[in-house]
Amino acid sequence: MRARLIDQEDGDQIVVLPPGFELPGAEVMIVQDGDRLILSPLTEEAAS
């Protein structure tokens, strides 16, 4: 299965991940913004 990228009218993009998609928890940061979850690569700066 593949992820889908959806372009929004306001210029934002949404990635739809398939069921069972996994990421190593030590490599990403998850932030909640209202009803959305934002996945970002974890950098050394964000970890400290």
Side-chain angles (χ1 to χ4, degrees):
M1 287 190 204
R2 300 178 118 196
R4 284 188 313 159
L5 182 63
I6 300 172
D7 292 316
Q8 300 281 269
E9 292 179 10
D10 61 4
D12 282 349
Q13 294 179 319
I14 296 174
V15 176
V16 180
L17 302 171
F21 183 83
E22 294 183 18
L23 290 170
E27 297 178 12
V28 295
M29 178 174 50
I30 300 173
V31 177
Q32 185 170 0
D33 179 17
D35 292 339
R36 304 182 317 170
L37 291 176
I38 301 169
L39 296 168
S40 303
L42 188 60
T43 62
E44 289 182 28
E45 297 165 1
S48 52

(message) Assigning hydrophobic clusters by single linkage (Ile, Leu, Val, Met, Phe, Trp, Tyr; side-chain heavy-atom cutoff under 4.5 Å), is Val28 placed with Leu37?
(response) yes

Considering only distance and modelled atom types, tabulate donor-acceptor pairs under 3.5 Å from the side chains of residues 12-23, sequence neighbours left out.
residue, atom, partner, partner atom, Å
Gln13, NE2, Asp7, OD1, 2.8

(request) Not counting sequence neighbours, list each pair that qualifies as a side chain to side chain donor-acceptor pair (under 3.5 Å) and has a residue in residues 29-38. (result) Asp33-Arg36

(request) Starting at CG of Leu42, measure out to CE of Met29 and round the result to the nearest 0.5 Å. (result) 6.5 Å

